[in-house]
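Remember, it's 1-based here, ligands and their atoms both numbered in the order they're listed. Predicted model only: the values in this text are computed from it and were never measured.
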Amino acid sequence: VNRICVVPRRKLPYLSLGAVLAGISLTALTNGFFGKALAQNLPAAQVSGEALVLAVDDFENNRSEVRYFVRDEKTGVAHSLQFSGAPPENFRTGARVTARGAQEGDHLNVSGSDVNIEGTGAAGAAGAADLQPSPGTETESSALASSAATTSITNTSSGMVIAQKTIVILVNFRNAAIPCTRLGCSSAVFAAANSVQALYKETSYGHVSYSGTTVGPFTISASNTDACPSPYLPTLDTWAAQADAQATKAGINLTGYTEKVYLLPPTSRCGGFKGYSTIGGSPGMAFVFACQYTDLIAHEMGHNLGMNHSSTPSSEYGDYSDIMGISLLALRDLDAPHRVEFGWLPSAHLRTVTAGGTYTIAPLESNPAVTSLPQALRIYAPSAKAYYYFSFRQPLGYDSVLPKFSSGLYTNGVSVHRWTGSNAHTYFLKGLTDGTSFVDTTNHITVKQVKHAAGGATVSVSLGSATATVAQPSLSFTNETVGAGGAAQTATFSNTGGDAMTIYSVGITGANNQDFQVVSKTCGAVLEAGTSCTVSVRFKPIKSGTRSAFVALATETGTQEVSLTGAGQ
Ligand SMILES: [Zn+2]
């Protein structure tokens with residue numbers, strides 16, 4: 001299963017196969033894989049060069065594609081790879097790869113073992129992992145494998161400092177002009193407020209900055225009714241090359257940029273696809289077909305930083321609390337795992353929880369420099385090979401729009417995300433409110449929101465199997481006249497584990513069980529993780545002298561007892 005590409009690939013018509021094939025290094029062999037290719041009457045092919053991972057966005061139809069390419073180092077042409085299974089984990093933008101496969105239409109059919117990846121992809125990943133060492137066997141490396149190798153990223157003790165040098169290039173089709181001005185686009189990307197620049201500066205706590213220029217528009221030979229640029233990158237490269245050539249002719253120096261953002265008019269032939277961006281890359285490349293949406297531009301430029309989508313388990317773009325979720329909406333900040341991806345939450349502000357207890361979390365929007373509280377908790381879930389992240393979002397800065405979404409789902413309390421690390425999607429799982437819990441019965445994790453206010457949210461965390469404990473092991477009653485009943489006292493039982501606990505029975509046991517009476521109780525059939533129940537008992541001696549018994553709670557984990565003593569007179 002291809003875990004990144006959520007939507008099955010459509011069988012797309014290809015265009016300009018001649019152009020696609022023009023630069024490929026065709027190598028026919030008579031054995032091994034190539035023998036198989038020949039047996040299928042498909043030409044065997046081999047291509048070496050830079051790996052490219054392209055995210056393709058259709059927000060209106062909630063569908064996304066991820067496409068894999070190798071840019072031939074000899075010709076510069078990008079060749080589409082179609083993996084028969086999951087692509088190799090380290091097939092990332094910027095890695096140097098050699099792919100061997102069977103050319104079929106506009107793509108090379110390959111399996112993971114047909115692609116040789118040189119060690120280049122690991123350099124940046126190692127840097128990220130160093131910033132956020134994680135326990136367990138999972139790897140938590142950054143999606144910035146390729147771009148980390150550029151001079152625009154510096155690893156510091158407070159996370160990655162990223163200085164993107166970006167050129168924004170406006171493009172006209174031969175029959176359609178881009179519906180945005182150069183000034184407007186420049187402002188949308190680079191201005192000090194209400195811009196991509198301002199958003200990433202805020203959400204990275206000052207770690208990300210953009211510098212550069214906005215040029216164009218330049219008119220290319222394609223029209224807005226041309227076939228959709230399947231398999232995307234070769235055609236988009238052609239369009240970019242035409243725009244670049246005109247920019248160069250106009251005296252613009254295109255060298256030295258770590259990111260190139262092409263803004264184009266809408267096209268009528270690509271369904272709802274509005275953005276095509278490399279995940280990472282130096283230079284990262286983004287193609288945006290709806291320039292009037294600043295959040296769309298920010299989303300595509302987020303892919304260039306290395307991020308994947310902010311999803312829910314059922315929806316590709318379903319996490320509205322992150323700019324990498326749905327677009328065409330409004331600017332808003334990044335979720336907790338995306339900030340962890342870049343190391344922007346230093347260890348004091350990202351608490352890895354391995355024991356139950358009560359924790360208070362400051363709003364994620366707060367600057368780590370001005371709060372001593374953690375801003376995210378994470379708990380490892382072995383069966384998911386992932387961490388759960390718990391963070392608290394408030395309507396601050398660009399997150400001021402969050403209360404408008406889903407009846408305050410994101411700001412009424414703690415957000416729960418799951419993320420496996422690397423360049424995987426982040427998944428929003430639940431928004432807690434006071435008194436509600438996130439429960440993972442497989443991994444015995446229960447996190448209950450106790451309370452929240454503008455300055456923070458408090459949760460109680462319970463881990464491990466159901467565990468019954470008593471608040472006090474014994475209750476002593478004052479002397480009572482035989483036959484008379486005194487004031488009740490309360491025995492408290494708690495489940496401090498991470499699982500719900502079945503209660504079989506509650507009652508008075510022991511030698512003198514007739515001398516004590518249950519007045520009231522809150523213990524029922526189940527005691528949820530992280531909760532307590534009580535049994536109120538009265539001493540009503542039936543004989544004189546010392547009397548003793550127990551309040552007993554029989555549970556799936558054994559029987560808990562509170563001893564009772566009193567004297568009848
Ligand atoms: Zn996207």
Side-chain angles (χ1 to χ4, degrees), residues 2-10 52-69 87 92-93 142-144 146-147 164 166 188-189 196 199-200 203 208 228-233 236 259-264 266-267 270-281 283-335 337-339 341-342 398 417 419-420 422-428:
N2 178 347
R3 70 181 168 78
I4 297 173
C5 188
V6 172
V7 180
R9 285 194 183 84
R10 295 175 302 152
L52 289 155
V53 181
L54 190 77
V56 185
D57 287 315
D58 176 0
F59 302 100
E60 286 145 315
N61 297 299
N62 201 34
R63 63 183 172 151
S64 161
E65 295 182 19
V66 174
R67 292 293 186 96
Y68 303 89
F69 299 86
R92 297 199 182 145
T93 304
S142 171
L144 297 169
S146 59
S147 40
Q164 285 284 61
T166 301
V189 174
V196 177
L199 172 71
Y200 283 108
T203 201
V208 174
C228 197
S230 174
Y232 306 136
L233 203 49
L236 294 170
E259 182 178 36
K260 297 171 88 174
V261 178
Y262 295 88
L263 304 179
L264 300 98
T267 66
C270 295
F273 287 117
K274 286 190 164 52
Y276 304 70
S277 302
T278 57
I279 298 179
M285 295 178 77
F287 298 86
V288 179
F289 291 80
C291 56
Q292 65 271 39
Y293 295 103
T294 304
D295 67 328
L296 168 63
I297 299 172
H299 176 108
E300 300 304 329
M301 292 172 72
H303 282 311
N304 287 166
L305 289 173
M307 287 183 284
N308 213 317
H309 288 148
S310 298
S311 306
T312 65
S314 61
S315 173
E316 177 74 18
Y317 302 109
D319 182 359
Y320 283 38
S321 73
D322 190 302
I323 193 69
M324 298 312 292
I326 192 72
S327 205
L328 318 181
L329 195 64
L331 291 172
R332 63 271 187 215
D333 288 326
L334 296 172
D335 61 22
H338 272 146
R339 301 186 201 217
E341 183 172 351
F342 298 95
Y398 285 104
H417 287 89
W419 183 52
T420 54
S422 186
N423 55 350
H425 292 214
T426 65
Y427 290 95
F428 179 87

Discussion item. A side-chain contact here means heavy atoms from C-beta on lying under 4.5 Å apart; do Leu236 and Met285 qualify?
Written reply: no

Worksheet item: Taking only residues two or more places apart in sequence or in another chain, which ones pass side-chain hydrogen bond (donor to acceptor under 3.5 Å, both in side chains) with Glu60?
Response: Lys274

Response to the item:
Applying side-chain hydrogen bond (donor to acceptor under 3.5 Å, both in side chains) to Asp333 and not counting sequence neighbours gives none

Worksheet item: Do you know which of His309, His417, His338 makes ring-ring contact (aromatic ring centres under 6.0 Å, His included) with His425?
Response: His309

Item to complete: List nothing but the number: protein N/O/S atoms under 2.8 Å from the Zn ion (ligand 1).
Response: 5

Worksheet item: Could you give all pairs that pass the salt bridge (charged side-chain N to carboxylate O under 4.0 Å, His left out) test and reach residues 288-315, with sequence neighbours left out?
Response: Asp295-Arg332

Worksheet item: Side chains of Met301 and Thr166: does their closest heavy-atom pair fall under 4.5 Å?
Response: yes

